[in-house]
Novice: 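Structure below; questions to follow.
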Amino acid sequence: MTVFDRGLQPERTALAWRRTALALLGASLVALRVLPHMMGVWGLGVGAAGAVASGVLLWLIHRRYIHHHQVLIQDGDRSALAGGYLIAATTLLCLSAGGVALAVTIMKAVAGGA
Amino acid sequence: MQPRRRFPASVFTHGDEPDARFSLANERTFLAWIRTGLALLAGGVALEALGLGIQPGLRLAASLILIGAGVLTPLQGWFGWVQTERALRMDTALPSARLALPLTLLVGTAGLLICIGILV
């Protein structure tokens, strides 16, 4: 199999994406386990949404790598490489996780103090 | 051939295609920021959720500081990616990570509060 770059940068990037998606998946599964205790059905929704988003991300990552690989191997038009949608989406996903973390912590603190 | 319109326009309507390896490295940097943010969030939540033997007020403060840092980190990731990608295309100087120092101070402060909270 030919590679575009001996340093395997496209492959390393794909793996970095996967590590990130798996981190999100792990956080979602923990949330799925723990949040329903505190937030009831909302906790289930948050955890499930996170798990689904992580799954979608993993599929999109796979497609992104295949696309990059084909463009670069054929020395194709690099303007065909992916833009920033996935990156923006990942940023929003992480910010949402931040919102959930904040809500959970405040709820726990209030419940503990009450 | 009509070039694809890519998002965001503020990046891709300027300059030329950089070496793909630099763009890929830029992506990996962004992802590293995201993973750092997730770790900070996990730390902040765990601190409060586990209810360790730490003075409650300080523990909550440290937890909120870590979560705050965990919310800032993806922002640094995104804006860093945008500015770096644009600099790569325009062949200008790369930006520095502007939030790196504030984030370091926040994490350090949280650690300090935890230390004090354990001791009192």
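Chain identifiers are assigned alphabetically (A, B, ...) following the order of the sequence lines, protein sequences preceding nucleic acid strands; residue numbering begins at 1 within each chain.
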Novice: Count the heavy-atom pairs under 4.5 Å between each of B/Leu72, B/Leu60, B/Leu41 and chain A, then report the option with the highest count.
Specialist: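 Greatest number of close heavy-atom pairs with chain A: B/Leu41.
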Novice: Just by modelled atom types, is the A/Leu24 backbone N or O under 3.5 Å from a matching donor or acceptor in the A/Ser28 side chain?
Specialist: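 Yes; judged by distance alone, with no hydrogens or angles, the pair exists.
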Novice: Checking heavy atoms, do the side chain of A/Arg64, its backbone, both or neither come under 4.5 Å from chain B?
Specialist: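 A/Arg64 touches chain B through side-chain heavy atoms alone.
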Novice: For the residue pair B/Trp81 and B/Phe12, does the interplanar ring angle fall in the parallel (under 30°), tilted (30 to 60°) or perpendicular (over 60°) class?
Specialist: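 Tilted.
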Novice: Would you indicate whether the side-chain heavy atoms of A/Val104 and A/Val34 approach each other to under 4.5 Å?
Specialist: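 No, side chains not in contact.
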Novice: Is the Lys NZ or Arg CZ of B/Arg35 less than 6.0 Å from the centre of B/Trp33's six-membered ring, within 45° of the axis?
Specialist: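 Output no; distance or angle outside limits.
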Novice: Pair B/Leu40, B/Val107 - check side-chain contact (heavy atoms from CB on, under 4.5 Å), show working.
Specialist: CA-CA 9 Å; B/Leu40 288 168; B/Val107 174; 3.7 Å; yes
Novice: Which region of B/Ile67, side chain (C-beta onward) or backbone (N, CA, C, O), has a non-hydrogen atom less than 4.5 Å from a non-hydrogen atom of chain A, or is it both or neither?
Specialist: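 The side chain, not the backbone.
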Novice: Look at the aromatic rings of A/Trp17 and B/Phe30 and report parallel, tilted or perpendicular, splitting at 30° and 60°.
Specialist: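 If you compare the ring of A/Trp17 with that of B/Phe30, the planes turn out tilted.
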Novice: Using non-hydrogen atoms only, which part of B/Ala25 is less than 4.5 Å away from chain A: side chain, backbone, both, or neither?
Specialist: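 Both backbone and side chain.
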Novice: Using non-hydrogen atoms and a 4.5 Å limit, figure out which bit of B/Pro56 sits close to chain A: side chain, backbone, both or neither.
Specialist: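 Neither; nothing under 4.5 Å.
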Novice: About how many Å separate CD of A/Gln9 and CD of A/Glu11, when rounded to the nearest 0.5 Å?
Specialist: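 Reported value, rounded in 0.5 Å steps: 9.5 Å.
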Novice: Only heavy atoms, only distances under 4.5 angstrom. Which residues in residues 87-103 of chain A are near chain B?
Specialist: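 Expected list: A/Ile87, A/Ala88, A/Thr90, A/Thr91, A/Cys94, A/Leu95, A/Ala97, A/Gly98, A/Ala101, A/Leu102.
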Novice: Can you tell me which residue pairs pass the salt bridge (Lys or Arg N to Asp or Glu O under 4.0 Å) test with a partner in residues 77-100 of chain B, sequence neighbours excluded?
Specialist: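 Passing the test, one end in residues 77-100 of chain B: B/Glu17-B/Arg89.
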